[in-house]
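Position 1 is the first residue of the sequence; numbering continues from there.
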Amino acid sequence: MGIKFTGHGWREALVVFAAGMLLAAALTYPFVTQLDRVGRSENSDGQWSIWSVAWVARTLVTDPANLFNANIFYPHQQTLAFSENNLAAGVVAAPVYWASKNPYLALNVVFLLSLGFSFSGAYYLVRHLTGDRRAAVVSGICFAFCPYVFGRTSHIQLLIIGGLPFTLLAFHRLLDVPGWRRGAVLGLAVAAQATISGYYAILTTLMLVVAVITAVITRHLWKDRRFWYAMAVGAAVAIVCVLPLALPYLRLQRFSGFTRPLTEAAQYSADWRA
């Protein structure tokens, strides 16, 4: 747990990511040969992913001020906030979308990149904790290509799970050398996760709460001012970055009464069969 992550530059990062992409292509074959024409269009969630990623990719370039005023549910406003905004996926998809004008290709490239991203995140986290590249590779494969991921192919925002290990990596680096810089990196990691998925933003916050409590107890950090200062910087950076994305949802909830009650959450909660 105390092994210091030193990194070996962009060359190694590219090799690790390339390995993840090769695994993604192999483990989803023949999907990689049909990126421009296949998609989960047989259900409404899959159709939403295809449309929303294309909308964000297009509108960020042509009319970013009206990103949330999507072309659905007229005459309602801020309709992109009716669900996940898929901002991160749209940003990544933008070059592909504008080069091809193909919504399927734009989404599917993000899908494959998300697998490589998840592999890289788990690899670097486990390598930091163990110092063992073989363990890191095995962990990356198990994390990026687990059944949960392949059970969520119609939800692009739920496919991008790489932010979870990268956030934990940022936290462990902060534990090693507390300071405002590493606190800021942790805050940016949390904010980036929020642009990927609102669900994962909540899960990431809960994960960090557990991690902080565990670290404080096991490392006796109750009175470590450097640690708490770094965590405060991280929290401030995350809030400042996430607040602009949260405002459309808060306005929608306040003025339109658009809410999802706890009874609905209970309806979709996990049971023993899950």
Look at the side-chain heavy atoms of Ile, Leu, Val, Met, Phe, Trp and Tyr, link any pair under 4.5 Å apart, and say whether [X] and [Y] land in one connected group.
{"X": "Tyr29", "Y": "Phe31", "result": "yes"}
{"X": "Ile217", "Y": "Phe171", "result": "yes"}
{"X": "Phe17", "Y": "Val138", "result": "no"}
{"X": "Ile156", "Y": "Leu105", "result": "yes"}
{"X": "Val16", "Y": "Phe166", "result": "yes"}

Does the Asn108 side chain pair with the main chain of Val38, one donor and one acceptor, at a distance under 3.5 Å?
->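 Pair found, side chain donor or acceptor close to backbone of Val38.
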Check: Asp45 side chain, His155 main-chain N or O, donor-acceptor pair, under 3.5 Å |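 No; zero donor-acceptor contacts below 3.5 Å.
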More than 12 non-hydrogen atoms from neighbouring residues, nucleotides or ligands closer than 6.0 Å to CZ on Arg134, yes or no?
->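 Counting other residues, nucleotides and ligands, CZ of Arg134 stays at 12 neighbours or fewer.
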Does CZ in Phe150 sit with more than 12 non-hydrogen atoms of other residues, nucleotides or ligands closer than 6.0 Å?
->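 Yes, because the 6.0 Å sphere around CZ of Phe150 holds more than 12 heavy atoms from other groups.
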What class does the angle between the rings of [X] and [Y] fall in, given that below 30° is parallel, 30 to 60° is tilted and above 60° is perpendicular?
{"X": "Trp55", "Y": "Trp51", "value": "parallel"}
{"X": "Phe73", "Y": "Phe82", "value": "tilted"}
{"X": "Phe145", "Y": "Phe119", "value": "tilted"}
{"X": "Phe68", "Y": "Tyr249", "value": "perpendicular"}

At their closest point, which heavy atom of [X] faces which heavy atom of [Y], and how far apart are they?
{"X": "Trp98", "Y": "Lys101", "value": "CE3-CE, 3.4 Å"}
{"X": "Tyr123", "Y": "Arg133", "value": "OH-CG, 3.3 Å"}
{"X": "Pro244", "Y": "Val240", "value": "CD-O, 3.3 Å"}
{"X": "Ala122", "Y": "Gly140", "value": "CB-CA, 3.7 Å"}
{"X": "Ser118", "Y": "Gly162", "value": "OG-N, 3.2 Å"}

Report the C-alpha separation of Asn85 and Leu67 in whole Å, then their side-chain angles, then the decisive distance to 0.1 Å, and conclude whether the side-chain contact (heavy atoms from CB on, under 4.5 Å) test is met.
-> CA-CA 9 Å; Asn85 56 62; Leu67 177 66; over 6 Å; no
Quick one: which of Ile161, Ile160, Val149, Leu23 gives a side-chain contact (heavy atoms from CB on, under 4.5 Å) with Leu115?
->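 Testing Leu115 for a side-chain contact (heavy atoms from CB on, under 4.5 Å) against Ile161, Ile160, Val149, Leu23 leaves exactly one candidate, Val149.
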Let me know which of Ser83, Ser197, Ser52, Ser114 forms a side-chain contact (heavy atoms from CB on, under 4.5 Å) with Gln157.
->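 Answer to the side-chain contact (heavy atoms from CB on, under 4.5 Å) test with Gln157 among Ser83, Ser197, Ser52, Ser114: Ser197.
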Please round to the nearest 0.5 Å and tell me the distance separating atom CD1 of Ile196 and atom CG of Leu87.
->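 Between Ile196 CD1 and Leu87 CG, I get 10.0 Å after rounding to 0.5 Å.
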Counterpart residues, side chain to side chain donor-acceptor pair (under 3.5 Å), relative to Thr153 (two or more places apart) |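 Listed in chain order: Arg40.
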